[in-house]
Amino acid sequence: MKVGVLDIGSNSLRGLWGDVDEDLCFIKRGAKLLTTRLGEGMSSVERVLREEAVERTLKGLLELCRDFRDNGVTEVYAFATSAVREASNKDWFLTLVRLETGLNVDVLSGREEAFQNLLGVEVGLGIKDHYLLFDIGGGSTEIILKNGEDVFLKSIPIGALKLKRVRFSSLNEGVSFLKKLWEKELASIRSSLQGVKNFVGVGGTLSALALFKEGLSFYDIRIAHGNRIELDWLADKILYLSRLSQTELESFFSFDPGRSYVIYEGSLILLSLMDFFGIPSLLVSETNLLWGGLVKKWGVKKFLFGS
């Protein structure tokens, strides 16, 4: 069975396709990431998807649908996250997508998004228990704590793209802003970390940082997946990133130049979370929300990265 998964995020549009065999193993045949910034221009007051952003996203969806057809994909699971679920005009957007592409899009709640991430990470890393997971997206940040039989999920409506709209005069001001937010939203999780053995991060920011750390100018899932980000390294690099121009950032993150637009903000969120929870290092998982869709939709039990 040839399947495809589509993730309509606040900053990026991601597609993944491959084969699911009789043993419920998914063999990756291809993937594509397009920076469409669907959530650009949205605010807490005016939660409207802008026409320009919608046009970019529709163009990207049509491109990915062509990729699916060219690769013989017969079943597609498409879902959207924070930008769409928060938009007052989401019904218009979903109708437009259906008319233009034929896709029926599943709009995930924050809780559903967190659980789908969990599915991807557990199958991909083999971690089943006693872990804390961060998913830093464009419009929201999801936190999952799984400790024994207890699973705590929290979706916080701040992500790299949203944080970019908040103006800070200094790095310390940004750290202070986020620390106050975590104190309000995540203090109960911090007091429940006894027994937690693993710390995991997913999302475009983590992928980009892992490849940046290894000095790569191209994307390689085998290098990014299972890589480790240290707090000390990140604290040093974020000062460096804060001084770079947009052009310089694009050259350093040439494997995903669109990510460079919000790499500083995403890194700031990660740094502040690691500091808040006292985490010296964490694992990067590339089998995230997108891959979790495979588990959720088709019951996939194993991933092979393939091509």
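Values below: all heavy atoms of this structure, side chains included; hydrogens, waters and symmetry mates excluded.
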>> Assess the residue pair Leu234 and Asp232 against the criterion (side chain to side chain contact (heavy atoms under 4.5 Å, CB included)); give the C-alpha distance rounded to whole Å, side-chain angles, the decisive distance to 0.1 Å, and a yes or no.
In response: CA-CA 5 Å; Leu234 183 57; Asp232 289 345; over 6 Å; no
>> Determine whether Arg29 and Asp19 satisfy the following criterion, salt bridge (Lys or Arg N to Asp or Glu O under 4.0 Å), listing intermediate values before the conclusion.
In response: CA-CA 7 Å; Arg29 300 303 183 192; Asp19 301 306; 2.8 Å; yes
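Pairs engaging residues 263-277 under the salt bridge (charged side-chain N to carboxylate O under 4.0 Å, His left out) rule: Lys164-Glu265 [sequence neighbours left out]. Sequence neighbours left out, the pairs with a member in residues 193-210 that pass side-chain hydrogen bond (donor to acceptor under 3.5 Å, both in side chains) are Ser207-Glu286.
Using a 4.5 Å heavy-atom threshold, the side chains of Ile127 and Val200 count as touching.
Checked against salt bridge (Lys or Arg N to Asp or Glu O under 4.0 Å), Arg14 has the following partners two or more places apart in sequence or in another chain: Asp7. Among residues two or more places apart in sequence or in another chain, the salt bridge (Lys or Arg N to Asp or Glu O under 4.0 Å) test is passed with Arg190 by Glu183. In this structure Lys146 satisfies the salt bridge (Lys or Arg N to Asp or Glu O under 4.0 Å) test together with Glu122, sequence neighbours excluded. For Lys301, there are no salt bridge (Lys or Arg N to Asp or Glu O under 4.0 Å) partners at least two apart in sequence or on another chain. Remark: Tyr264 engages no residue in a side-chain hydrogen bond (donor to acceptor under 3.5 Å, both in side chains) (not counting sequence neighbours). Phe253 pairs by the ring-ring contact (aromatic ring centres under 6.0 Å, His included) definition with Phe212, Phe255, not counting sequence neighbours. Residues meeting the ring-ring contact (aromatic ring centres under 6.0 Å, His included) test with Phe152, sequence neighbours left out: none.
The shortest heavy-atom contact between Val300 and Val123 is O-CG2, 4.2 Å. Contact record, Trp182 with Ile158: CH2-CG2, 4.0 Å, taken as the closest heavy-atom pair. Shown here for Leu145 and Ser192, the closest heavy-atom pair between the two residues is CD2-O, 3.7 Å. Taking each heavy atom of Ala208 and Ile263 in turn, the nearest pair found is CB-CD1, 3.8 Å. Closest approach of Ser260 and Gln246 over heavy atoms only: OG-NE2, 3.1 Å. Residues Asn288 and Gly203 approach most closely at ND2-N, 4.0 Å, considering heavy atoms.
One finds no salt bridge joining Glu55 and Arg50 here, because no Lys/Arg side-chain nitrogen approaches an Asp/Glu carboxylate oxygen to under 4.0 Å.
Ring-centre distance between Phe168 and Phe177: below the 6.0 Å cut-off. Aromatic ring centres of Trp291 and Phe26: separated by under 6.0 Å. A distance of 6.0 Å or more separates the ring centres of Phe303 and Phe305.
With rounding to the nearest 0.5 Å, the separation of NZ in Lys154 from CD1 in Ile144 is 14.0 Å. One finds the CG atom of Leu270 at 4.5 Å from the CD1 atom of Ile136 (value rounded to the nearest 0.5 Å). Rounding to the nearest 0.5 Å places CG of Leu186 at 5.0 Å from CD1 of Ile189. A distance of 9.5 Å separates OG in Ser285 from OH in Tyr131, rounded to the nearest 0.5 Å. Atoms OG1 and CD1, on Thr287 and Ile221 in that order, are 7.5 Å from each other to the nearest 0.5 Å. Once rounded to the nearest 0.5 Å, the distance linking CD1 of Ile279 with CG of Leu193 reads 7.0 Å.
Under the 4.5 Å side-chain heavy-atom criterion for ILVMFWY residues, a single connected hydrophobic cluster contains both Leu132 and Ile229. Under the 4.5 Å side-chain contact rule for hydrophobic residues, Leu108 and Leu161 do not share a cluster. Criterion: ILVMFWY side-chain heavy atoms under 4.5 Å apart, direct or through other members. Under it, Val48 and Leu58 are not part of a common hydrophobic cluster. Ile8 and Val262 are members of different hydrophobic clusters when ILVMFWY side chains are connected at heavy-atom separations under 4.5 Å.
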Got a list of side-chain donor-acceptor pairs under 3.5 Å for residues 33-40, not counting sequence neighbours?
{"unit_1": "Glu40", "atom_1": "OE1", "unit_2": "Arg56", "atom_2": "NH2", "d": "3.1"}
{"unit_1": "Glu40", "atom_1": "OE2", "unit_2": "Tyr261", "atom_2": "OH", "d": "3.3"}

Atom pairs and distances, side-chain donor-acceptor, residues 235-244, under 3.5 Å, sequence neighbours left out:
{"unit_1": "Ser242", "atom_1": "OG", "unit_2": "Leu239", "atom_2": "O", "d": "2.7"}

Under 3.5 Å donor-acceptor pairs involving side-chain atoms of residues 62-72, not counting sequence neighbours:
{"unit_1": "Glu63", "atom_1": "OE2", "unit_2": "Lys32", "atom_2": "NZ", "d": "2.9"}
{"unit_1": "Asp67", "atom_1": "OD2", "unit_2": "Lys32", "atom_2": "NZ", "d": "2.9"}
{"unit_1": "Asn71", "atom_1": "ND2", "unit_2": "Asp67", "atom_2": "O", "d": "2.7"}

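Listed for the Asn117 side chain is a donor-acceptor partner under 3.5 Å among the backbone atoms of Leu289. The main-chain N or O of Ile269 is found under 3.5 Å from a side-chain atom of Ser272 such that the two form a donor-acceptor pair. Judged by distance alone, the side chain of Asp21 and the main-chain N or O of Leu24 form a donor-acceptor pair under 3.5 Å. Between the side chain of Lys213 and the backbone N or O of Arg228, at least one donor-acceptor pair lies under 3.5 Å. Put simply, the side chain of Thr141 never gets that close to the backbone of Gly137: no donor and acceptor are under 3.5 Å apart. A donor-acceptor pair under 3.5 Å is absent between the side-chain atoms of Gln116 and the main chain of Glu113, judged by distance alone. With hydrogens and angles disregarded, a donor-acceptor distance shorter than 3.5 Å links the side chain of Thr57 to the backbone of Ala53. For Thr74 (side chain) and Lys2 (main-chain N/O), a donor-acceptor pair under 3.5 Å exists by modelled atom type. Between the Ser140 side chain and the Gly159 main chain, no donor and acceptor come within less than 3.5 Å of each other. Put simply, the side chain of Ser88 gets close to the backbone of Arg47: a donor and an acceptor are under 3.5 Å apart.
Of the residues listed (Glu185, Glu142, Glu112), the one engaging Ser155 in a side chain to side chain donor-acceptor pair (under 3.5 Å) is Glu142, and it is the only one.
Counted within 6.0 Å of NZ on Lys128, heavy atoms from surrounding residues, nucleotides or ligands total more than 12; the atom is thus considered enclosed.
Judged by distance alone, the side chains of Ser82 and Ser10 do bring a donor and an acceptor atom under 3.5 Å apart.
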